[in-house]
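Naming convention: chains lettered A, B, ... in sequence-line order (proteins, then strands); numbering from 1 in each chain.
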Number of protein chains: 2
Amino acid sequence: MSHFPNHFEENYLKALYKLQRKEIKKVNNIALAKYMELNPATVLEMVRKMADRGLVEILPDKTIQLTSQGEKKALLVIRKHRLWEVFLVEKLDYSWSEVHDLAEQLEHIQSEDLTNRLEAFLEFPAADPHGDPIPDKNGKLRTAAAINLLEGKTGKTYMVKSFGETADSFLDYLAKLSIRPGTLLRVLEWNAYDNSGSIEINNAIIQLSEKVAGNIFVQLHTT
Amino acid sequence: MSHFPNHFEENYLKALYKLQRKEIKKVNNIALAKYMELNPATVLEMVRKMADRGLVEILPDKTIQLTSQGEKKALLVIRKHRLWEVFLVEKLDYSWSEVHDLAEQLEHIQSEDLTNRLEAFLEFPAADPHGDPIPDKNGKLRTAAAINLLEGKTGKTYMVKSFGETADSFLDYLAKLSIRPGTLLRVLEWNAYDNSGSIEINNAIIQLSEKVAGNIFVQLHTT
DNA sequence: ATATATAATTTGGCTAACCAAATTTTATTA
DNA sequence: TAATAAAATTTGGTTAGCCAAATTATATAT
């Protein structure tokens, strides 16, 4: 009667979804292991089990890909995560940068009904406190695709939608730069040498490394 | 990075606390194993670990007893459980009979701060939807005021706390019925005609006159 | 006091999730 | 194309929580 398989599976699903969305490269075993801070042997073992369960497909070139069933499950975990985040911020007065770790725990609560009631209680929020949209009860995420800031065009202004990284150090750094969901950023130029960018924000100019910019997702902003 | 030891430990703590409260007999390995629906070997192994951690003491006669530290931890789990139950009923419109299994999941969320904020959000409820009191953040269970047995509700179980009469004839009568402080009484029904009551005690059913019942002070008993 | 039941403990073994290290396969590059 | 680097996989091993069955200890009853 170990209650936990779900727990693990859900973490793998979420990790795969996030990596896939980053889409910097194909998601292989190594990348997934690194991202999850696990040994490749461990990850391979688990991924195979998930393939048996129809959640994941291992392509001929060894890329790991969520099946539609797997992606739906991943989105339902993300749904739970984001709803709990809204709860923590709106009802328990947490700040948006504190809630991630708690939501990581709460997202594993198993009850569709509870999730749906929570959503109703929160009055069907469209997005979590980081600005990320909340999938519906069928795991459908309908949204204008956010793009990676790295793809931002020189001279254009973008609105920050969400982030591809949840480490405190990253979020603290952003907080220092006053970058949060909703912030407007204008791309001044990209430095071809190290792919860092000059970004205008609130009439100040800052430099963002490739790594940081690559974890900021934005939408074109039209005044 | 397995978060789960807590999970297991908390379940053992809770089970021990509940059995101890029942206090029908000393809590031994067998009783605990039966209650938790686990194998005695499993339970023994775990109980020993918990003894090493200072949560439990194994007495010379093999009785398993919570240390004060263990009891505090148990009460903090119960606190979480009951607060989440209040949340589910008050905020998500669950009925009191549905919430137990969900609360069993939620009670394992690890964050004192979250628990305290939840308590504040719920406006410091004194009891959960079943009427069981909620321990405070120090694991202290403020004892509910003792009530007159005559006020006991049909179907509820109460623990005898004290008596409102010191006459030997009264105390002898109680002794004959094996009613003493600590005895558990279940109210079966009140006879509207003479206010006498049918009371279940140790699987026997006895009748108590209004005069007798009115001199017995009890507290709601929570399993 | 002996037989018998029950409790307590030991032993050996299972599974899921993990890891380190060795090996094999696949790419890359010189 | 051979050399080398990187990825993928295999192998052997660990730990925590669990169980069944065997054994030893302790009560209980006759």
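Looking at Lys176(A) and Asp172(A), no side-chain N of the basic residue comes within less than 4.0 Å of a carboxylate O on the acidic one, giving no salt bridge.
Side-chain N/O atoms of Tyr12(A) include one lying less than 4.0 angstrom from OP1 or OP2 on dC18(C). For the pair Lys62(A) and dT9(D), the criterion of a side-chain N or O lying under 4.0 Å from OP1 or OP2 is met. A sub-4.0 Å separation between OP1 or OP2 of dA17(C) and a side-chain N or O of Arg48(A) is absent. Residue Thr42(A) has a polar side-chain atom (N or O) positioned under 4.0 Å from OP1 or OP2 of dC19(C).
In this structure, the CG atom of Asn29(A) is 17 Å from the P atom of dT25(C), given to the nearest Å. Distance CD1 (Ile58(B)) to P (dA7(C)): 17 Å, rounded to an integer number of Å. Nucleotide dT14(D) holds its P atom 20 Å from the CG atom of Leu38(A), rounded to whole Å. What separates CZ of Phe8(A) from C1' of dT15(D) is a distance of 12 Å, to the nearest Å. The CD atom of Glu10(B) sits 13 Å away from the P atom of dG17(D) (whole-angstrom rounding). Distance CD1 (Ile30(B)) to P (dT9(C)): 10 Å, rounded to an integer number of Å. Look at CG on Leu44(A): it is 15 Å from P on dT25(C), rounded to the nearest Å. Between Leu32(B) atom CG and dG17(D) atom C1' the separation is 14 Å, expressed in whole Å.
Residue whose closest nucleotide on DNA chain C sits further toward the 5' end, between Glu45(B) and Asp61(A): Glu45(B).
Looking at the side chain of Lys49(B), the nearest of the listed nucleotides dC18(D), dA16(D), dT10(C) is dA16(D). Candidate nucleotides dC18(D), dA8(D), dA8(C) were compared by shortest atom distance to the side chain of Asn28(B), and dA8(C) ranks first. Side-chain proximity of Pro40(A) to the nucleotides dT9(C), dA20(D), dT9(D) is greatest for dT9(D).
When only modelled atom types and interatomic distance are considered, His100(A) and Asp168(A) share no side-chain donor-acceptor pair under 3.5 Å. Side-chain atoms of Arg79(B) and Asn116(B) form a donor-acceptor pair, as typed in the model, at a separation below 3.5 Å.
With sequence neighbours excluded, no residue forms a ring pair (Phe, Tyr, Trp, His ring centres under 6.0 Å) with Trp190(A).
A donor-acceptor contact under 3.5 Å is formed by the side chain of Asn39(A) with the base of dA20(C).
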Side-chain polar contacts of residues 59-71 of chain A - donor-acceptor pairs under 3.5 angstrom, sequence neighbours left out - could you list them?
unit_1   : atom_1 : unit_2   : atom_2 : d
Asp61(A) : OD1    : Thr63(A) : N      : 3.2
Asp61(A) : OD1    : Thr63(A) : OG1    : 2.6
Asp61(A) : OD2    : Thr63(A) : OG1    : 2.8
Thr67(A) : OG1    : Gly54(A) : O      : 2.7
Thr67(A) : OG1    : Leu55(A) : O      : 3.2
Thr67(A) : OG1    : Gln69(A) : N      : 3.4
Thr67(A) : OG1    : Gly70(A) : N      : 2.9
Gln69(A) : NE2    : Gly54(A) : O      : 3.4

